[in-house]
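The structure appears below as structure tokens.
Protein chains get the first letters and strands the later ones, always in sequence-line order, with residue 1 at the start of each.
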Amino acid sequence: MASLSTSLNMAVQSLGADTAALQMTNNNIANANTPGYTREVADFQEVSVTSGDGMSSGNGVELTGYQSIRDELLQRQIEQETTAQSGANAQQSTLQQIQPAFATTTDDIGTDMSALFSSISSLSTNPTSTSSRQAVLTAGQNLANAFNTASSTLTSQQAGLNTQVTQDVSQINQLTKQIAALNPQIAEVDSTGEDAGTLQDQQDQLVLSLSKLTSVSVTQSNGGVTLTTGNGTPLVVGSQSSALQTTTGSDGMTHVLDQNGNDITKTLTAGDLGGTIQMRDTTIPGLSTQLDTLANQFGSAINAAQAAGYDQNGNAGQNFFTIPTTVSGSAGSIEMAISDPALVAASSDGTSGSNGNLTNLSAVQTSALPSGQTPSDAYASLIYQVGSLTANANAESSATAASLLQLNNQMSSVSGVSIDEESANLITYQQAYEAAARVVTTIQALFSTTMSMGTASAA
Amino acid sequence: MRVTNMVPDMQYAMQQSQQALSTAEEQVATGLRVNQLSDDPSASANLVSSLAQSANVDQYTSNVTSLQSQMQMADSSISSIVTTLNSAITAGTEGANGSVSSAQRQEIASQVQGFLTSVVAEGNTSFSGSYLFGGSEAATPPFVAASTTYTSKNGSVASPLSATTALTAGSVTTISDATTGETMTFKAKAGNTVATLQAAVASAVSAGTLSAGTSATINASGQLQIGSNNSADGIVVGSNDAALGTMTAAANTAVANAYAYVGNSSVNSVQIGDALSVATNLPGNKLLGSGSNVIGSLGSLITALQSGTTAEIGNAVSAVTAALSSVSTQRMPLDNTIGQLESQDSYLSQEKVTLTSQQNNLVGVDTADAATTLSQDELQNSAVMAAAAKVMPQTLLQYLQP
């Protein structure tokens, strides 16, 4: 049977539900700009109907809890795209630092190579000129320096990337540890039937951070999230995390090992770690080999041309450049073998005024090296490769940035906090609260009226 | 679609717009479309060979300029020689006249001797430290006054050189003969002795490289003596053999009006185009020595004027006339080269323009296009900023405020 007390209880219950909803709205607004925050909605539910005396009456409202609005599929897509972007960014960043060493407008290998041939040609007009001979040596020294500088740029980038591998692995281990620690906490909250929104948000953010470092495969189960690397190496299972290890390999580079000590370096191909390893172990060695080959073959060709002639003293030409016997490391260690201008083998017959052998030295410019290309063409190929790799990394980075923006917008559309929406909710709950409070006031008045009924008749 | 936060979109739009603006500004500021290899890898690679070609063209132009001075100097020397020879012919013709007295002939002879000295001086012209008519032996004057006898610095009565004295392996001894116009070059090998050199001299005499009567002997002072038993045959001997020491002309053995050519026949060539080289020197033996007989004919004319008959003087004048004709023939390739240098200079200027234009097409920017793009990007950037400023402050709360 309906009573004022029942109505009062309903009103008080309504006040509580609205207060809780207002608190939730407040929380949404407060976290509107918190990265990874998933908006919550109030889960209002009508209290069971009471039946009696042939009629049913409602019993008001109750707030059963809050519900985080999330989309797991979108979250996984964002993680994958983040991995792709980090990999592209790692390559882009390295290549942009390598690129200036191969510029075509300043003191680069191509310019210095041309300068060497110009100095040789200039010497041919006056083969006895000491200053012209010195100019050939200076141009040779500049070219050797340019090779050394380009090689050193590649080597120092590779060393920096090697350090990055250790740092990335350390961060991965830290993140997997934190993710694993959250698994039992989330499972515990889930078991109570409540929404583990905040903990889930934290874990999603940690997985997203992990995705920046390497490609991870995410599986949800009762025990929480299970994470493996792209090739299936377990990282997090339940409350356990498996730490990756690092060791220095026979190549002097840092290698990544799984928990069983297996070398998984080659399988790590995505994320910042994958991009870093790709640059360190494939891209830079490829460029270095090309550069070393050019330095070695060019140096050998010039030395062979020198040997075909005679220096100013009438002796057979000595080596012009000192180059290692193996191709590897040639660009880094090529240097001038002679410092006396008289030792430039300009003469073809041993007389000091002959310039016959300068034709042989000049011919190196237009003759194919053992690689099948002229020195200039071989350098142009290297230039193209560096430019092309950088352009591809730039394009990949831009494309993934655009794609990631779109995915984040979609995620925001589902899980993001809209201040406008929350403002409207605020008013709604405020009005509901005011209405419920008015009900309380009304019932209070009714109580007073009821109570004063006896007093009036007594008077 | 539910829109919750426009900030990321705005930030992305601003970033994109500012990047485009920055690129446009860089292109206008540098005048280049390709500022980094990644801007256009293919153009960057093509630029390498274009720049190399440009550097070559610059150097060819520089070579042409340098050679023009050298060639003009050589031509000027030959021009002087031609003038001198014409004067010698005039003087000789005058001397061949039967009415000219003996005293006048002696005077003409000394005049012609002056012409010979002048011709030899022109033959020893140098440019930037190199002798123009010495072949590739450009460090020493190619025409040297000859003597009949040269002796070595080493060797004495107390310690004489002998046939068994070992020579220094790798050392070079040269004997240039003024009469034959040839040079014998002896390069000592390990185990060679003075006897080997003596045999080589004998062989050279047999071969006609050296005049008959030339020999290498050990004189009474224990020195190596190289010389001729004919007072009219002059030689010039040089050696860098430490075992022999410097070879010097013996006193009072100079042969009048005899000059030996100590240069060689090598011709240097210099590249002035990708497939174009020019000879840069004219060996003196061809120009003035045995090739044209300029020095020999002038020497004969002097001798004829001093002691010959009118007929002999006439014959000597004819020989000088023939030598003049030979010099003129020798001069023609030089004049052709000078002409070639001039035309190549103008070709290289055009080539330079073509390459610059090619490079501009590869990496340069069309200024009008770049300016228009910059203007558009500025406008777009302003629009993005204005939109952001308009949209971002808009919230429902603003309208709900009392």
Side-chain angles (χ1 to χ4, degrees), chain A residues 32-33 39 95-96 99-100 102-104 110-111 113-115 117-118 121-122 124-129 314 347 349 351-356 359 362 365-366 376-377 379-381 383-388 390-391 394 401-402 405 408-410 412-414 416-421 423-424 427, chain B residues 1-5 7-9 12 15 32 34 36-49 51-52 54-56 58-60 62-63 66-67 70 127-131 134-139 170 172 240 263-264 266 268-271 274 277 280-281 363 394-397 400:
Chain A
N33 295 322
R39 74 185 168 106
L95 285 163
Q96 281 182 344
Q99 201 172 217
F102 296 91
T104 51
T111 313
M113 226 183 245
S114 291
F117 289 115
S118 293
S121 183
S122 178
S124 71
T125 63
N126 190 359
T128 56
S129 163
S347 172
D349 57 12
T351 56
S352 61
S354 165
N355 72 358
T359 310
S362 293
Q365 187 179 26
T366 49
S376 177
D377 287 348
Y379 183 63
S381 294
I383 287 284
Y384 178 79
Q385 196 156 2
V386 172
S388 173
T390 314
N394 287 347
L405 177 74
N408 276 324
N409 279 347
Q410 284 182 34
S412 177
S413 172
V414 175
V417 175
S418 163
I419 297 286
D420 292 348
E421 203 174 274
S423 301
I427 294 163
Chain B
M1 184 170 161
R2 182 172 167 269
V3 178
T4 59
N5 189 355
V7 172
D9 275 328
Y12 183 77
Q15 186 62 38
L32 295 171
V34 180
Q36 294 173 329
L37 305 184
S38 54
D39 290 340
D40 190 340
S42 181
S44 301
N46 288 333
L47 184 64
V48 171
S49 61
L51 286 174
S54 271
N56 283 347
D58 286 345
Q59 188 53 49
Y60 295 148
S62 170
N63 288 357
S66 172
L67 289 179
Q70 184 180 329
F127 177 81
S128 294
S130 293
Y131 289 92
S136 64
E137 291 282 9
V172 176
N240 63 358
N264 60 25
S266 294
N268 280 342
S269 65
V270 168
Q271 212 172 350
D274 285 338
S277 294
T280 60
N281 62 319
V363 298
Q394 301 297 329
T395 67
L396 179 60
L397 288 169
L400 293 175

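- Residue A/N394 holds its CG atom at 5.0 Å from OG of B/S38, rounded to the nearest 0.5 Å.
- When the candidates A/N33, A/I427, A/V417 are compared by the number of heavy-atom contacts under 4.5 Å with chain B, A/V417 comes out ahead.
- Of the residues considered (A/S413, A/G356, A/G314, A/S418), A/S413 shows the highest number of contacts with chain B, using heavy-atom pairs under 4.5 Å.
- Considering every non-hydrogen atom in both A/Y384 and B/A45, the closest pair reads CB-CB, 3.8 Å.
- A/N409 contributes atom CG, which lies 12.5 Å from atom CZ of B/R2 (distance to the nearest 0.5 angstrom).
- Of the atoms belonging to B/S269, it is backbone heavy atoms, and not side-chain ones, that fall under 4.5 Å from chain A.
- Neither the backbone nor the side chain of A/L95 comes within less than 4.5 Å of any heavy atom in chain B.
- Side-chain contact, A/S121 with B/N63: a donor N or O sits under 3.5 Å from an acceptor N or O.
- Expressed to the nearest 0.5 Å, how far OG of A/S352 lies from CD of B/E137 amounts to 6.0 Å.
- The closest side-chain heavy-atom distance from B/L37 to A/T390 is not below 4.5 Å.
- With sequence neighbours excluded, the residues forming a side-chain contact (heavy atoms from CB on, under 4.5 Å) with A/S114 are B/A52, B/A55, listed by chain and number.
- No side-chain N or O of A/S124 forms a donor-acceptor pair with one of B/Q271 less than 3.5 Å apart.
- Here the CG atom belonging to A/N355 is positioned 6.0 Å from the OG1 atom belonging to B/T280, to the nearest 0.5 angstrom.
- Inter-residue side-chain proximity for B/V48 and A/S376 is flagged as met; some heavy-atom pair is nearer than 4.5 Å.
- In this structure A/F117 satisfies the ring pair (Phe, Tyr, Trp, His ring centres under 6.0 Å) test together with A/F298, sequence neighbours excluded.
- Contact annotation: the side chain of B/S266 never approaches that of A/S354 to less than 4.5 Å [non-hydrogen atoms, C-beta and beyond].
- Looking at A/Q96, there are no atoms closer than 4.5 Å to chain B (heavy atoms on both sides), in backbone or side chain.
- For the pair A/D349 and B/N264, the minimum side-chain heavy-atom distance is below 4.5 Å.
- Considering OH of B/Y12 and CG of A/N408, their distance stands at 12.5 Å, rounded to 0.5 Å.
- The greatest number of non-hydrogen atom pairs below 4.5 Å with chain A, out of B/N281, B/V270, B/N268, B/N46, is found for B/N268.
- Looking at A/A402, the atoms closer than 4.5 Å to chain B (heavy atoms on both sides) sit in the backbone and in the side chain alike.
- Atom CG of A/D420 sits in a crowded spot, with more than 12 heavy atoms from other residues, nucleotides or ligands closer than 6.0 Å.
- Interatomic distance, CG of B/L396 versus CD of A/E421, reported as 11.0 Å (0.5 Å rounding).
- For the options A/G110, A/S412, A/S388, heavy-atom pairs under 4.5 Å to chain B are most numerous at A/S412.
- Residue A/S362 touches chain B through its side chain alone, counting heavy-atom pairs closer than 4.5 Å.
- Contact count against chain B (heavy-atom pairs under 4.5 Å) is highest for A/L405 among A/L405, A/T128, A/T366.
- With a 4.5 Å cut-off on side-chain heavy atoms, A/N126 and B/Q70 do not count as touching.
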